[in-house]
Trainee: 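Below is a structure I'd like to ask you about.
Values below: every heavy atom of this structure, side chains too, minus hydrogens, waters and symmetry copies. Letters A, B, ... are given to chains in the order of the sequence lines, protein chains preceding strands, and every chain is numbered from 1. As the structure is a prediction and not an experimental result, all values here were calculated from the model.
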Number of protein chains: 2
Amino acid sequence: MISSIAELISDRIGTMPAGERRAAQTLIANYPLIGLKTVAEFSAAAGVSSPTILRFVSRLGFQNYPEFQSALQDELAAQLQSPASRTLNPASPSGAISPMLEATLENMRETFRHLSDRQLADIATRLAERRGKTFLIGGRFTDPLARYMAAHLAIIQPDVYHLAGQESIWRDRLIDMGKRDVLVIFDIRRYQDSLVRFAETAHQRGVQIVLFTDQWLSPIARFARHVIAGRTAVPSAWDSSAALFVVAETLIGAVTRQLEADSAKRIRDLEGLR
Amino acid sequence: MISSIAELISDRIGTMPAGERRAAQTLIANYPLIGLKTVAEFSAAAGVSSPTILRFVSRLGFQNYPEFQSALQDELAAQLQSPASRTLNPASPSGAISPMLEATLENMRETFRHLSDRQLADIATRLAERRGKTFLIGGRFTDPLARYMAAHLAIIQPDVYHLAGQESIWRDRLIDMGKRDVLVIFDIRRYQDSLVRFAETAHQRGVQIVLFTDQWLSPIARFARHVIAGRTAVPSAWDSSAALFVVAETLIGAVTRQLEADSAKRIRDLEGLR
DNA sequence: CAAAATACGTAACATAAGATACAGCGCTCC
DNA sequence: GGAGCGCTGTATCTTATGTTACGTATTTTG
């Protein structure tokens, strides 16, 4: 069974004429990046002419050069996204640790790899500067994350509201939202229409939206000021929100730190109320 | 110092207009492959027009799109050749974020090290065997975890209830609970008296308790049939529930697998109801 | 050794990709 | 509330990329 283009090549390289073989060798040697460049560059690197490259590609079974490039890109995408290719990583202790945990840990690393300190700091600052109100809402499975975040933020600053209950209830809250306010939305597949509509209206009212979503980006990303794309794929029937959860905790921590002085006093006051 | 295009983007994303920011977010979420595709594909994925993509690229300092693509390819080439460089964003130790992530990951490993597959399997089996009802409840910060778990379990089996609202409300629900039922409680420091009392009464009625708590063990552990102790310490003002969250997800997955046949049908039926 | 077949490169072509000009729109700031 | 600025998309243009046709070179075979 042939699963990668590299295998396909080594399978057929024996039957190729000299020029195409040079093309094949060049591609294998710089796999797969040479194949993503133009035909002219590829041919120059291999020391053959452009048509030879095209004949080579065609011999591999591709209709045209772009199709060949797409295949390479898909392969690369799979490699970059799945931790499978990194199982060589000696840090992962063998044994009966569930693949679920491994995938989750990898999701978190991957999520944070695509997330700069700067970006998180910007969002934290936005949440910490107390110009307006902060609203949080989530989808079917992610609403608990919104609640979790709201539960913490509400302690360190005023005017934090979790939007819960029926759609009509939180839709009506739009009336209270304006330019100075921030709306934090959690939305992963399958994206909920009601949330998208809600986000759109809020956006029109000038509300700044912070979106927690998966790597495929909820349509709400269109309206969002900040987008956090977390990895959700795990070997389970369900998607995992764990990576987003950790990002949320990280943000909570960052906001708390920024509000250090204020929040310390506020927390003391709250304690006093008990 | 800026070493990668991803960093360059997160550095300037703050100064970008909305459309270009969407381009940036899309690229980061699918880094770097979207950038290797054509302008048209990139723009479609980001939901903006081609010129916006080109302006975005130009703002990053590239003369034209091919030059931008070459830079991405060079970066990718370097990454593919030395897997070592694929470690975490090397520029992050400065921020207070990386330690947070590291601690969280370590918490999870540690949590699972003290958790045998057998134990998880037992709990999953208990939750899967449909003899009685399943109730879930949590404390101030952990109730969202209870909700999260309830949201999933309720889909794959009947008689799953999250206990919410005022104490008096869920206290009254005790009347419905008996030997055949399971109560899942989330309780970490500072342990809530109300929850402890609730657990005690439930225990007296013969309810089997599954407790999610921290490494210091909530007093509820006295009454619990199964105890899951997660690590919660992170360099932050707050404790982290992330490890417990991951255990919860793992359990959800395990229960779903055990109910495979039943739940598949049930999920299909639910889809039909939409 | 000769003749045919195959392979390869040059050069012309067509097409699809990136770049640009411009107009409409929304936003911000007086 | 109005004027100005800046951002965005449509439509057009230009470039360069992939493709193909064809002639020459090379190898193979009878």
Trainee: Just the rounded figure in Å: distance from P of D/dT19 to CZ of A/Phe56.
Mentor: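 A/Phe56 atom CZ is separated from D/dT19 atom P by 14 Å.
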Trainee: Without decimals, in angstroms, what is the distance between B/Phe42 CZ and D/dG9 C1'?
Mentor: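 The answer, rounded to whole Å, is 17 Å.
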Trainee: In whole angstrom, give the distance that lies between atom OH of A/Tyr65 and atom P of C/dA16.
Mentor: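 Going from A/Tyr65 (OH) to C/dA16 (P), I get 17 Å.
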Trainee: Could you tell me whether B/Arg147 and A/Asp143 make a salt bridge, using a distance below 4.0 angstrom between a side-chain N and a carboxylate O?
Mentor: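 Looking at A/Asp143 together with B/Arg147, the answer is no, because their closest N to O distance does not fall below 4.0 Å.
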Trainee: Can you identify which nucleotide, out of D/dT10, C/dA7, D/dT19, has its nearest atom closest to the B/Ser49 side chain?
Mentor: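 Looking only at side-chain atoms, B/Ser49 lies closest to D/dT10.
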Trainee: Take atom CD of B/Gln63 and atom P of D/dT15, then tell me their distance rounded to the nearest Å.
Mentor: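 Whole-Å distance recorded here is 17 Å.
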Trainee: Rounding to an integer number of Å, can you tell me how far A/Phe68 CZ sits from D/dT19 P?
Mentor: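 That distance rounds to 12 Å.
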Trainee: For the side chain of A/Arg55, starting at C-beta, report the closest nucleotide among C/dC8, D/dT8, D/dT19.
Mentor: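 Among C/dC8, D/dT8, D/dT19, the one nearest the side chain of A/Arg55 is C/dC8.
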Trainee: Taking the minimum atom-to-atom distance to the side chain of B/Leu54, which one of C/dA19, D/dT19, C/dC8 wins?
Mentor: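 Among C/dA19, D/dT19, C/dC8, the one nearest the side chain of B/Leu54 is C/dA19.
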Trainee: Looking at A/Ser50, I'd like to know whether one of its side-chain N or O atoms comes within less than 4.0 Å of OP1 or OP2 on D/dG18.
Mentor: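 Negative; the distance criterion is not met.
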Trainee: Under 4.0 Å, heavy atoms only, any strand: does A/Pro51 hit a base, just the sugar-phosphate, or nothing?
Mentor: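 Contact class for A/Pro51: base.
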Trainee: Once you round it to whole Å, what is the distance between C1' of C/dC29 and NZ of A/Lys179?
Mentor: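 Rounding to the nearest Å, NZ of A/Lys179 and C1' of C/dC29 are 13 Å apart.
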Trainee: Tell me: CZ of A/Arg59 to C1' of C/dA7, nearest whole Å?
Mentor: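 Nearest whole value for this atom pair: 10 Å.
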Trainee: Would you mind checking if A/Glu106 and A/Arg231 are paired as a salt bridge, meaning a charged N to carboxylate O distance below 4.0 Å?
Mentor: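 So A/Arg231 does not pair with A/Glu106 through a salt bridge.
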Trainee: With a 4.0 Å cut-off, would you call A/Glu200 and A/Arg197 a salt bridge?
Mentor: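 Salt bridge flag = no for A/Arg197 with A/Glu200.
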Trainee: Give a yes/no on whether any side-chain N or O of A/Thr38 is located under 4.0 angstrom from OP1 or OP2 of D/dA16.
Mentor: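 It does not, given that no N or O in the side chain of A/Thr38 lies less than 4.0 Å from OP1 or OP2 of D/dA16.
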Trainee: Hey, are the side chains of B/Leu76 and B/Leu36 touching, using non-hydrogen atoms and a 4.5 Å cut-off?
Mentor: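 With C-beta onward as the side chain, the pair touches.
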Trainee: Which label fits A/Phe42 and A/Tyr65: parallel for a plane angle under 30°, tilted from 30 to 60°, or perpendicular past 60°?
Mentor: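 A/Phe42 and A/Tyr65: tilted rings.
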Trainee: In whole angstrom, what separates B/Ile53's CD1 from C/dA19's P?
Mentor: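 Nearest whole value for this atom pair: 12 Å.
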